[in-house]
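Read through the structure below, which is laid out as structure tokens, and then see the notes.
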Amino acid sequence: MDSPYEAVKGNSALYKIAAFVILSLGALLLAYRRAFTVCYARDLPRLGKREGVSWKAMKKRFQTDSLSVLNEVYENYSKKGQSVLIPKYGPHDEVILPPGSLPWIVKQPDHLLSSHASQNDAIQLEHSLGPKFAFDAWGGMLVKSDLTAVLETMGTIMLEQVGPAVDAAFGMDVTEWNEIDLFPACRLVTGKAVMGFTLGDSVEGRKLCILLVFKSSSSCAVKKNVLICPSGMLEVAGEIGGARKVYRTYLGHFSKGVKSMPAKLKDLADRFVPAHTERLQIIQSAAEKKAVPKDLLQMLMEFAIKERTDEATSLEDMTKRLAVSNFGTIHQTVLTLHNILLNVIATDKEFDTMSLLREEFSRVLGDDENNWTRAKVAAMLRADSIARETLRAHTFLGLAMERIVVAPNGIVTEDGIPLQKGTKIGILAHQMQHDPDLVKDPQRYDPFRFSRQREANPDLHNLSFVATSAENLPFNHGKHACPGRGLIDIQFKMLLSYIVKNYDLEFPESYEGKRPANTWFAEFGVPPITAKIRVRRKEASS
Ligand code: HEM
């Protein structure tokens with residue numbers, strides 16, 4: 001019997017069909033590659049090329065020792081004002097622009113260089129919640145436009161949750177030290193505080209805040225509750241964001257994380273029903289002049305009623321809007337609080353950090369501990385410095401100003417390098433914040449680095465926690481800089497104030513007074529999530 005090759009060769013019709021199929025497949029493959037692959041200009045330097053290190057070897061190094069790779073990028077390219085293409089985790093790569101490009105990035109319109117596309121690429125909301133939630137992100141836009149005006153009110157609502165949250169995580173024992181796992185404690189404390197300003201200003205909303213309980217010091221505190229969706233969304237972001245773009249659609253149907261989302265969303269929806277119903281009733285009876293909640297959920301519901309009526313009445317849609325909001329408000333806040341507390345304890349012996357904080361909180365708040373105004377928050381220079389120095393020294397996002405080129409014909413950088421549509425760009429933030437030419441003694445965590453300068457010169461507002469600039473990029477800079485940072489500012493100060501006034505804190509003896517170090521995974525600075533701390537309630541506290 002003839003082989004398939006012989007059979008085709010001897011039959012001209014079959015020969016033509018086979019040639020057509022092969023050529024079509026080839027063309028399809030090329031089109032597919034073109035659609036999902038970004039090509040880079042020849043004159044864009046590739047990391048390692050001039051040293052003769054292969055791309056594959058450099059990629060491998062990035063997987064195992066990303067910090068040293070990024071340090072090298074900073075020294076050899078960024079500091080010299082050059083752009084460079086670097087390998088990133090998995091199949092991805094990115095063009096790192098020099099710090100001097102910041103004004104250029106800030107100036108680019110969203111239809112050329114998109115922050116939203118970059119956030120979607122990282123978070124993959126399209127797959128965890130659905131395309132509508134990825135591409136019609138009105139919740140975030142509302143935070144941008146309306147939050148600043150109601151910061152004090154939100155702070156007051158959050159304050160109600162702060163004490164119970166810390167007490168639940170740290171315990172009430174005034175005689176014995178209690179050794180706790182810091183990360184789950186921070187998740188609980190942050191979760192309760194965030195749920196406070198998100199939906200804590202109504203009867204049913206408050207019940208959802210109470211539902212967050214600390215299971216035990218060693219278990220992950222918050223498994224089946226309102227924080228379950230952010231965890232699931234993070235899993236989807238990791239699975240799909242880390243995959244090749246060509247596989248994302250497939251994974252969007254079949255990955256483990258994606259398949260687990262409906263149950264997580266159902267869990268959240270079941271808990272959310274009473275609060276959703278309550279808010280719809282409040283809005284319907286607005287004419288009766290009943291007290292209207294002043295929290296984030298109410299802002300979302302009122303916007304939805306006016307602009308997205310179908311969504312407002314849909315439990316499923318509003319549950320997803322709540323899930324997006326929780327994801328944005330909780331994730332980085334937990335990691336930052338974790339770092340702040342480690343830094344406060346680690347520097348206490350040398351700087352008397354806790355006593356100085358106690359003095360500041362008492363002085364600024366005076367007799368009325370419950371009256372938190374924006375002016376008072378701004379006057380807490382030491383606490384402010386601790387938070388800013390924490391994000392300088394221990395930022396989670398090692399890369400800042402990440403954007404994706406969305407201009408159909410690409411874009412040309414200031415130094416004349418053409419970037420094709422789909423190119424991801426960013427600036428090295430961690431390295432800049434540790435550059436000895438820019439920061440004195442950058443490897444040292446100095447809690448009062450910024451407050452000392454501001455106490456000497458009160459006009460130095462650019463050194464505050466929330467001021468963004470080329471030197472302070474944890475919230476990025478420009479029109480997309482994090483609009484939640486004013487609320488975070490209040491949140492950290494309220495939490496720190498309650499914690500240092502009511503608790504003594506120390507490390508377990510085995511740490512010998514030293515803070516467990518952060519580690520690096522890809523471009524992320526990860527806090528030591530197995531760290532423990534010892535806490536004891538202070539006797540004379542209220
Ligand atoms: C320590 C906590 C936080 C950090 C470090 C942080 C950092 C960031 C960063 C780096 C961005 C990207 C900005 C850009 O692409 O240029 C961002 C965006 C955003 N953040 Fe935050 N964030 C935090 C907490 C919050 C909170 C609590 C909220 C809400 C109350 C919030 C709301 C937003 C929104 C809505 C955006 C999108 C802004 C836009 O696209 O224009 N963030 N945040």
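For the numbers below, each heavy atom of this structure counts, side chains included, while hydrogens, waters and symmetry mates do not. Treat the numbers as computed from the prediction; the structure is a model and nothing was measured.
By the salt bridge (charged side-chain N to carboxylate O under 4.0 Å, His left out) test, E402 pairs with K88, sequence neighbours left out. Considering only residues two or more places apart in sequence or on other chains, S469 meets the side chain to side chain contact (heavy atoms under 4.5 Å, CB included) condition with E471, N472. With sequence neighbours excluded, no residue satisfies salt bridge (charged side-chain N to carboxylate O under 4.0 Å, His left out) with R388. Considering only residues two or more places apart in sequence or on other chains, P442 meets the side chain to side chain contact (heavy atoms under 4.5 Å, CB included) condition with R392, H434, P436, V439.
At a threshold of 4.0 Å, the pair D489-R374 does not count as salt-bridged, since none of the basic side-chain nitrogens sits closer than that to a carboxylate oxygen. Salt bridge annotation for E160-R206: present, with a cationic side-chain nitrogen under 4.0 angstrom from a carboxylate oxygen. Residues E179 and K532 are not paired through a salt bridge, judged by the lack of any N-O separation under 4.0 Å between the basic side chain and the carboxylate. Between D437 and K79 there is a salt bridge, since at least one side-chain N of the basic residue sits less than 4.0 Å from a carboxylate O of the acidic one. Salt bridge status for D317 with R321: absent, with no side-chain N to carboxylate O gap under 4.0 Å. In summary, E152 and K294 do not engage in a salt bridge, as defined by a charged side-chain N under 4.0 Å from a carboxylate O. Salt bridge present: R308 and D136 bring a charged side-chain N and a carboxylate O closer than 4.0 Å. In summary, R363 and E359 engage in a salt bridge, as defined by a charged side-chain N under 4.0 Å from a carboxylate O. With respect to the salt-bridge test (charged N to carboxylate O, under 4.0 angstrom), the residues E369 and K501 qualify.
With hydrogens and angles ignored, the 3.5 Å screen pairs a side-chain donor or acceptor of Q433 with a backbone N or O of L391. No donor-acceptor distance shorter than 3.5 angstrom exists from the side chain of R449 to the backbone of I386, with no hydrogens or angles considered. Between the side chain of T395 and the main chain of G398, no donor-acceptor pair closer than 3.5 Å is present. Side-chain atoms of E389 come within 3.5 Å of backbone N or O of D446 as a donor-acceptor pair. Between the side chain of E360 and the main chain of L381, a donor-acceptor pair closer than 3.5 Å is present. A donor-acceptor pair is defined here as one N or O able to donate and one able to accept, closer than 3.5 Å; no such pair exists between the side chain of S101 and the backbone of L97. Looking at D201, its side chain never comes within 3.5 Å of a backbone N or O of I157 through a donor-acceptor pair. Between the side chain of E506 and the backbone N or O of R536 there is no donor-acceptor pair closer than 3.5 Å. Counting only distance, with no hydrogens or angles, the side chain of R485 and the backbone of V466 share a donor-acceptor pair below 3.5 Å. Looking only at distances, no side-chain donor or acceptor of Q161 sits under 3.5 Å from a matching main-chain atom of V194.
Nearest heavy atoms, P230 versus N326: CG-CB, 3.8 Å. The minimum heavy-atom distance linking S202 with E278 is given by the pair OG-OE1, 2.7 Å. Closest of all the heavy-atom pairs between F197 and D295 is O-CB, 3.2 Å. The nearest pair of heavy atoms linking N120 to A134 is ND2-O, 3.2 Å. Taking each heavy atom of M318 and A304 in turn, the nearest pair found is SD-CB, 4.2 Å. Nearest heavy atoms, C186 versus L341: SG-CD1, 4.2 Å.
Atom CZ of R358 is separated from atom CD1 of I499 by 11.5 Å, given to the nearest 0.5 angstrom. With rounding to the nearest 0.5 angstrom, the CD1 atom of I345 is 11.0 Å from the CZ atom of R534. Between I105 atom CD1 and H480 atom NE2 the span is 12.0 Å, to the nearest 0.5 Å.
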One pair to check against salt bridge (charged side-chain N to carboxylate O under 4.0 Å, His left out): D181 and R187. What are the steps and the verdict?
CA-CA 11 Å; D181 287 317; R187 282 194 82 198; over 6 Å; no
Evaluation steps, side-chain hydrogen bond (donor to acceptor under 3.5 Å, both in side chains), between T277 and Q281
CA-CA 6 Å; T277 313; Q281 279 164 358; over 6 Å; no
Step-by-step side-chain hydrogen bond (donor to acceptor under 3.5 Å, both in side chains) determination, Y445 to T390
CA-CA 8 Å; Y445 179 90; T390 294; 3.0 Å; yes
Could you check Q431 against N71 for side-chain hydrogen bond (donor to acceptor under 3.5 Å, both in side chains), going step by step and ending with a plain yes or no?
CA-CA 6 Å; Q431 281 67 24; N71 287 343; 2.9 Å; yes
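Between S231 and E235 the shortest side-chain heavy-atom distance does not fall below 4.5 Å. Annotation: side chain of T373 is in contact with side chain of N371 (closest heavy-atom distance under 4.5 Å). Put simply, the side chain of L102 reaches to within 4.5 Å of the side chain of L473, judged on heavy atoms. Looking only at side-chain heavy atoms (C-beta outward), I425 and M401 stay at 4.5 Å or farther from each other. By the 4.5 Å heavy-atom criterion applied to side chains, F361 and R382 are not counted as neighbours. Put simply, the side chain of L300 reaches to within 4.5 Å of the side chain of W138, judged on heavy atoms. Proximity of P528 to N518: side-chain heavy atoms (C-beta onward) are separated by under 4.5 Å at one or more points. Put simply, the side chain of M380 does not reach to within 4.5 Å of the side chain of L357, judged on heavy atoms.
No hydrogens or angles considered: nothing links the side chains of N339 and T336 as a donor-acceptor pair under 3.5 Å. D110 and H116 share no donor-acceptor pair across their side chains, judged by distance under 3.5 Å alone. In summary, the side chains of T333 and T190 do not present any donor paired with an acceptor at a separation below 3.5 Å, with no hydrogens or angles considered. Side-chain contact of S68 with D65: a donor-acceptor pair under 3.5 Å is present, judged by distance alone. At a cut-off of 3.5 Å, with distance as the only test, a side-chain donor of R279 or Q298 sits close to an acceptor on the other residue. N343 and R515 are linked by a side-chain donor-acceptor pair at a separation below 3.5 angstrom, with hydrogens and angles left out of the test.
Sorted by first and then second residue, the side-chain hydrogen bond (donor to acceptor under 3.5 Å, both in side chains) pairs involving residues 453-467 (not counting sequence neighbours) are D384-R454.
Within 6.0 Å of atom CZ in F133, more than 12 heavy atoms from other residues, nucleotides or ligands are found, so the atom counts as buried in its surroundings.
Checked against the 6.0 Å centroid criterion, the rings of H331 and F396 qualify as a close aromatic pair. Residues F465 and F450 place their aromatic rings such that the two centres sit no closer than 6.0 Å.
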Kindly list each side-chain donor-acceptor pair under 3.5 angstrom involving residues 164-177, sequence neighbours excluded, with atom names and distances?
| unit_1 | atom_1 | unit_2 | atom_2 | d |
| --- | --- | --- | --- | --- |
| D167 | OD1 | Y498 | OH | 2.8 |
| D167 | OD1 | Y503 | OH | 3.0 |
| D167 | OD1 | R537 | NH1 | 2.7 |
| D167 | OD2 | Y498 | OH | 3.0 |
| D173 | OD1 | T175 | N | 2.8 |
| D173 | OD1 | T175 | OG1 | 2.7 |
| D173 | OD1 | E176 | N | 3.2 |

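Using a 30° and 60° split on the angle between ring planes, F272 and H276 fall in the tilted class, from 30° to 60°.
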